[in-house]
Amino acid sequence: MKCTGPPGFATWLFSLLLPRRDKEMLLGDLIEEHALLASSLGLRGASQWYRSQMLRSIGPVMWANIRRGRWLKTLGAAWIGYFAVVLLVMTGDIVMSKLLSTDEQTYSLVSLAAGFLAMTLGGYLAACIRPGAPAALALIAALMGVASLMITGDRAPIWYQIALIIIAPVAALMGGQIRIRRGGLRRKESR
Amino acid sequence: MAKGDSLGQFEQIVLVALLRLGPDGYGMAVRREIEERTGRSLSIGAVYATLERLEAKGYVSSFTGEATPERGGRAKRFFQIESNGQRALRDSQEAIRRMMAGLKIDWRTI
């Protein structure tokens with residue numbers, strides 16, 4: 001079946017960044033414009049425009065999130081989430097080094113999965129404190145990942161460090177989304 | 001004009017776009033209007049961030065429209081300029097006009 005809609009994965013990834021109140025209008029606008037452009041530019045051109053709009057919107061949207069949530073408290077909540085992740089990862093590392101005696105590649109894969117879980121929990125925790133904090137946590141995770149790659153580039157496999165830079169922010173945002181959805185479900189049940 | 005009432009250039013452009021669009025002012029229409037008139041390429045995120053800031057200042061108000069199938073079942077959020085916004089826009093334009101008054105600049109040489 002030929003796909004005629006906007007890029008699904010990019011939409012999902014972008015929607016993780018958006019607060020619930022913005023999701024409807026922003027994604028709706030992009031989908032509507034994509035359909036309009038697809039008739040004039042073709043599907044490929046429209047999808048290219050769509051992806052570039054999403055990429056260029058990340059900065060302003062994240063900044064607006066931070067501003068909306070009174071940024072100092074939001075950043076504070078994000079750092080609490082980050083330190084919780086560091087604590088979990090360090091504990092997990094100690095446990096894994098005692099239990100696992102596998103080769104470096106398997107160890108890195110397990111460590112990546114554990115990091116993903118820890119960051120999801122960190123995003124969840126940050127969202128419990130401030131709803132806008134997972135976006136700030138995602139930014140911190142990405143910046144820390146890049147800094148670590150530049151400073152200690154040769155201590156871990158390069159694929160591992162790049163994967164970490166990509167999946168850590170996604171995990172933080174996912175954790176935040178889980179918290180928001182759970183909060184929404186609880187509200188529905190209590191009605 | 002109090003310091004907190006001052007408008008940035010992009011905020012002024014967005015307010016003028018809302019005035020031009022009238023009842024059809026929603027994010028993507030604002031982006032299109034600005035792009036067509038100024039030739040400036042914009043992201044939809046920047047437009048919404050500015051609209052939200054203007055709403056927080058009380059210069060614009062918004063309401064949610066109907067969900068439509070071409071938007072994947074998502075609703076539009078329409079924005080309209082309030083009298084505070086019109087006043088702030090008028091004051092900003094007036095400030096520029098006063099500052100420019102009497103200046104003799106040949107714009108063609110710049």
Side-chain angles (χ1 to χ4, degrees), chain A residues 3-41 45-71 131-132 135 139, chain B residues 4 7-14 17-18 21 23-80:
Chain A
C3 174
T4 54
F9 181 68
T11 305
W12 173 77
L13 213 55
F14 185 58
S15 74
L16 290 178
L17 281 175
L18 301 173
R20 189 190 298 229
R21 51 172 289 195
D22 293 352
K23 208 175 281 186
E24 283 263 309
M25 57 176 187
L26 227 151
L27 287 180
D29 278 13
L30 281 171
I31 290 166
E32 183 189 308
E33 194 73 1
H34 179 272
L36 271 173
L37 286 175
S39 55
S40 57
L41 296 176
S47 295
Q48 247 172 20
W49 173 89
Y50 187 88
R51 282 196 198 94
S52 98
Q53 275 290 321
M54 280 200 267
L55 267 178
R56 290 170 57 201
S57 293
I58 288 173
V61 164
M62 283 184 81
W63 182 238
N65 275 353
I66 291 169
R67 278 173 67 112
R68 188 184 297 141
R70 277 173 264 144
W71 66 277
L139 191 67
Chain B
L7 288 168
Q9 191 211 29
F10 190 57
E11 287 178 329
Q12 291 182 49
I13 290 175
V14 169
L18 283 180
L21 290 164
D24 301 322
Y26 69 102
M28 195 54 85
V30 171
R31 192 198 68 81
R32 250 183 254 137
E33 182 75 16
I34 297 173
E35 236 177 51
E36 279 169 19
R37 289 193 174 269
T38 66
R40 187 168 162 179
S41 169
L42 291 174
S43 77
I44 186 70
V47 171
Y48 271 115
T50 307
L51 284 168
E52 191 186 308
R53 205 164 53 240
L54 289 169
E55 194 171 21
K57 289 179 179 177
Y59 294 160
V60 304
S61 58
S62 70
F63 64 94
T64 307
E66 295 281 311
T68 55
E70 62 269 22
R71 295 172 58 84
R74 292 173 171 89
K76 271 182 195 168
R77 191 154 142 221
F78 290 97
F79 291 84
Q80 57 194 28

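Reminder, nothing fancy here: chain letters follow the sequence lines and each chain counts from 1. Scope of the values below: all heavy atoms of this structure, side chains included, with no hydrogens, waters or symmetry mates.
- Nearest heavy-atom pair, B/Ala75 versus B/Gly65, reported as atom, atom and distance to 0.1 Å: CB-O, 3.4 Å.
- Annotation: the span from A/Ile58 atom CD1 to A/Phe14 atom CZ amounts to 6.5 Å, rounded to 0.5 Å.
- For A/Leu27, the parts sitting under 4.5 Å from any heavy atom of chain B are the backbone and the side chain alike.
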Between chain B and chain A, which N and O donor-acceptor pairs fall under 3.5 Å? A table would be great.
residue, atom, partner, partner atom, Å
B/Tyr26, OH, A/Glu32, OE2, 2.6
B/Met28, N, A/Asp29, OD2, 2.9
B/Arg32, NE, A/Glu33, OE1, 3.1
B/Arg32, NE, A/Glu33, OE2, 3.2
B/Arg32, NH2, A/Glu33, OE1, 2.6
B/Ser41, O, A/Arg56, NH2, 3.1
B/Ser41, OG, A/Arg56, NH1, 3.1
B/Ser41, OG, A/Arg56, NH2, 3.3
B/Leu42, O, A/Gln53, NE2, 2.9
B/Ile44, N, A/Gln53, OE1, 2.7
B/Gly45, N, A/Ser57, OG, 2.9
B/Tyr48, OH, A/Asp29, OD2, 2.6
B/Glu52, OE1, A/Arg68, NH2, 2.3
B/Glu52, OE2, A/Arg68, NE, 2.9
B/Glu52, OE2, A/Arg68, NH2, 3.1
B/Arg71, NH1, A/Asp29, OD1, 2.7
B/Arg71, NH1, A/Glu32, OE1, 2.9
B/Arg71, NH2, A/Met25, O, 3.3
B/Arg71, NH2, A/Asp29, OD1, 2.8
B/Ala75, N, A/Glu24, OE1, 3.1

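- In plain terms, the two heavy atoms of B/Ala49 and A/Ala64 that are nearest each other are CB-CB, 4.2 Å.
- Closest non-hydrogen pair, B/Ile34 versus B/Ala17, comes out as CG1-CB, 4.0 Å.
- For chain B, the nearby part of A/Leu36 is the side chain; its heavy atoms alone come within less than 4.5 Å.
- Side-chain atoms of B/Phe10 and B/Leu42, non-hydrogen and from C-beta on, do get closer than 4.5 Å to each other.
- Heavy-atom minimum distance, B/Val60 versus B/Leu51: CG2-O, 3.7 Å.
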Report task. Show your working on side-chain contact (heavy atoms from CB on, under 4.5 Å) between B/Tyr59 and B/Leu7 and close with a plain yes or no. Result -> CA-CA 10 Å; B/Tyr59 294 160; B/Leu7 288 168; 3.6 Å; yes

